[in-house]
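From a predicted model like this one, the values you see are computed outputs, not experimental measurements. To find a chain, count down the sequence lines: A is the first, B the second, and so on, and within it residues start at 1. Only heavy atoms go into these numbers, but all of them, side chains included; no hydrogens, no water, no symmetry mates.
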2 protein chains.
Amino acid sequence: MNDTTPRSSARERLLQSAMTLIRSQGFAATSVDELCKAAGVTKGAFFHHFASKEALGVAAADYWSETTSALFAEAPYHAPEDPLERVYAYLDFRAELVEGETYEFTCLAGTLVQETFDTSPLIREACHRSIAGHTATIEPLVQAALDARGIGAPYTASSLALLIQTVLQGGFITSKAQGGPEPVLDAIAHLRRYFTFIFEGGETPAATKSAA
Amino acid sequence: MNDTTPRSSARERLLQSAMTLIRSQGFAATSVDELCKAAGVTKGAFFHHFASKEALGVAAADYWSETTSALFAEAPYHAPEDPLERVYAYLDFRAELVEGETYEFTCLAGTLVQETFDTSPLIREACHRSIAGHTATIEPLVQAALDARGIGAPYTASSLALLIQTVLQGGFITSKAQGGPEPVLDAIAHLRRYFTFIFEGGETPAATKSAA
DNA sequence: GTAAACATACCAACCGGTTGGTATGTGTCT
DNA sequence: AGACACATACCAACCGGTTGGTATGTTTAC
């Protein structure tokens, strides 16, 4: 092992660049040449590592899965002992991630699947794996909270876990349209309130207050 | 007025084709040539009506606004006398629209803004106009329901109206990823329940039932 | 007749992908 | 230990086709 070992391989740098470029421009608008230039490699290197541009799309979605699952594995929302508090902590964590440029807090899989779901089954499946995979990791969190309070249908862990992802994806879109993070943060706040109603019953809003 | 009057102009046919193609393939992946072929016009006609491909994108978003506002103006959800029932009817109507091929029930503005928000301010603004414009039409519905029950902060009509759009946009994405309409329908059902909690207080789920 | 609504022909730049090639390992038989 | 076979990682140049866009007609409506 010596200094000639590249700090990061061409493949890795291409995937890193793909994460940035695809999230800010979309997949179709990002050319292979542009990707190579951003990663500082040649086209030959690109097609050595990826059979086609579509294969890069699949690899980018898989790489996104790895990157995000590492991030969430280390996140602080696993700490609380109360299962419901872990769910709230997860939502708070997702809200904390909303900062910086818009493309930085949006989801690669969501962006990618939007423009390829009908034209590339392989990319669609990779994006589905990414979203469904993360959803599966928070399902036990929700399940534990449900069990702790004996809450049943129509509130299932899988349905609520997917709802969280749905609301976040939608928030990314309305935030992109408005040009600011407010819509997604507002949506997370509503989602948190929905969970409070489900898990803690919540007082009737009309009963709490009506005018200042 | 005679038969030589074109049933629909080249411009109209281009916008119609754009609605279909952009929703199923995305904006960047849809070429001007493809658009012309689908609309049955030549490239000369295209650039006679639109200064550039970007201008077509802006026009498509505006056309989408017109099309959808006509659809919603005629929709049956305005009928109920009770303001809250109108909100529920709106949600039910949105669920009824979810049928056919995936691209058919998804939103042009949402798809378009996702890949252009960072590269084309004009298209981004047109998509924002489309989404915010529709949101503004349902805001009075929510406001009336809020007023009827004296519900105040943190439940504002603008915030709740935008939440509906956010949840729908997110549902379109998770539905695209999964390859079926279930996620968006499931999300609408949750949203309806959230509104029930807000407006009707709702019983604590844990108190209603826990095991079959 | 003239202005808008189209069509035809064309262009330079760029697209995804392929080519033949080099440099650097890595195992493996003797 | 050294030579041969093979694999991996990468590169510069190039390919045919497609891209968004233009320049210049021709037809139609009033």
Side-chain angles (χ1 to χ4, degrees), chain A residues 1-18 21-22 24-61 63 112 115-116 118-124 126, chain B residues 1-18 21-22 24-61 63 112 115-116 118-124 126:
Chain A
M1 201 183 291
N2 56 28
D3 264 9
T4 62
T5 305
R7 222 67 212 91
S8 64
S9 66
R11 185 188 149 90
E12 193 98 359
R13 268 178 295 150
L14 280 166
L15 290 171
Q16 285 279 358
S17 300
L21 288 173
I22 293 174
S24 71
Q25 308 180 347
F27 179 70
T30 302
S31 73
V32 174
D33 279 313
E34 196 178 0
L35 220 31
C36 292
K37 215 171 82 176
V41 303
T42 61
K43 225 169 177 178
F46 182 98
F47 284 101
H48 170 71
H49 290 289
F50 307 103
S52 63
K53 192 192 176 187
E54 184 183 24
L56 178 272
V58 172
Y63 186 73
L112 196 45
E115 47 175 331
T116 56
D118 224 9
T119 50
S120 172
L122 290 175
I123 296 181
R124 203 215 87 230
Chain B
M1 204 183 288
N2 56 29
D3 265 10
T4 62
T5 305
R7 221 63 213 92
S8 62
S9 65
R11 183 188 151 90
E12 193 98 1
R13 270 178 294 150
L14 280 166
L15 290 171
Q16 285 278 358
S17 299
L21 288 173
I22 293 174
S24 72
Q25 307 179 348
F27 179 69
T30 302
S31 72
V32 174
D33 279 312
E34 195 179 1
L35 221 29
C36 293
K37 216 172 80 176
V41 304
T42 60
K43 227 167 177 178
F46 182 98
F47 284 100
H48 170 72
H49 290 288
F50 307 103
S52 63
K53 193 192 174 184
E54 184 183 25
L56 178 273
V58 172
Y63 186 72
L112 196 45
E115 46 174 333
T116 56
D118 225 8
T119 50
S120 172
L122 291 174
I123 296 181
R124 202 215 89 229

Visitor: Could you give the CZ-to-P distance, from A:Phe50 to D:dC10, as a whole number of Å?
Guide: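 The answer, rounded to whole Å, is 11 Å.
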Visitor: Taking side chain as C-beta onward, heavy atoms only, is B:Tyr63 less than 4.5 Å from B:Leu14?
Guide: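 Answer no - side chains too far apart.
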Visitor: Produce a footprint string for nucleotides 16-22 of chain C: one letter per nucleotide, 5' end first; B if the base is under 4.0 Å from any protein heavy atom, S if only the sugar-phosphate is, - if neither.
Guide: BBB----
Visitor: Quick one: does B:Glu115's side chain have a donor or acceptor within less than 3.5 Å of a partner on B:Phe27's backbone?
Guide: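 Such a contact is found between B:Glu115 side chain and B:Phe27 backbone.
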Visitor: Is the phosphate of D:dC10 approached by A:His49 (side-chain N or O, under 4.0 Å from OP1 or OP2)?
Guide: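 For D:dC10, OP1/OP2 do have a side-chain N/O of A:His49 under 4.0 Å.
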Visitor: Would the distance check show the side chain of A:Thr116 and the main-chain N or O of A:Thr119 forming a donor-acceptor pair, the cut-off being under 3.5 Å?
Guide: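 No: the side chain of A:Thr116 does not pair with the backbone of A:Thr119.
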Visitor: Going through the distances and angles, do B:Leu35 and B:Val41 end up as a side-chain contact (heavy atoms from CB on, under 4.5 Å)?
Guide: CA-CA 9 Å; B:Leu35 221 29; B:Val41 304; over 6 Å; no
Visitor: Within this structure, what is the CD-to-P distance between A:Gln25 and C:dC15, rounded to whole angstrom?
Guide: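 So the CD-P distance, A:Gln25 to C:dC15, works out to 11 Å.
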Visitor: What distance separates B:Glu34 CD from B:Ser17 OG, expressed to the nearest 0.5 Å?
Guide: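 Answer for the CD-OG pair, B:Glu34 versus B:Ser17, is 10.0 Å.
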Visitor: Please check the phosphate of C:dA5 (OP1 and OP2 only) for any side-chain N or O of B:His48 closer than 4.0 Å.
Guide: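 Answer is yes, contact under 4.0 Å.
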Visitor: Which heavy atom of B:Ser52 sits nearest to which heavy atom of B:Phe47, and what is that distance?
Guide: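 Shortest heavy-atom contact: CA-CE2, 4.1 Å.
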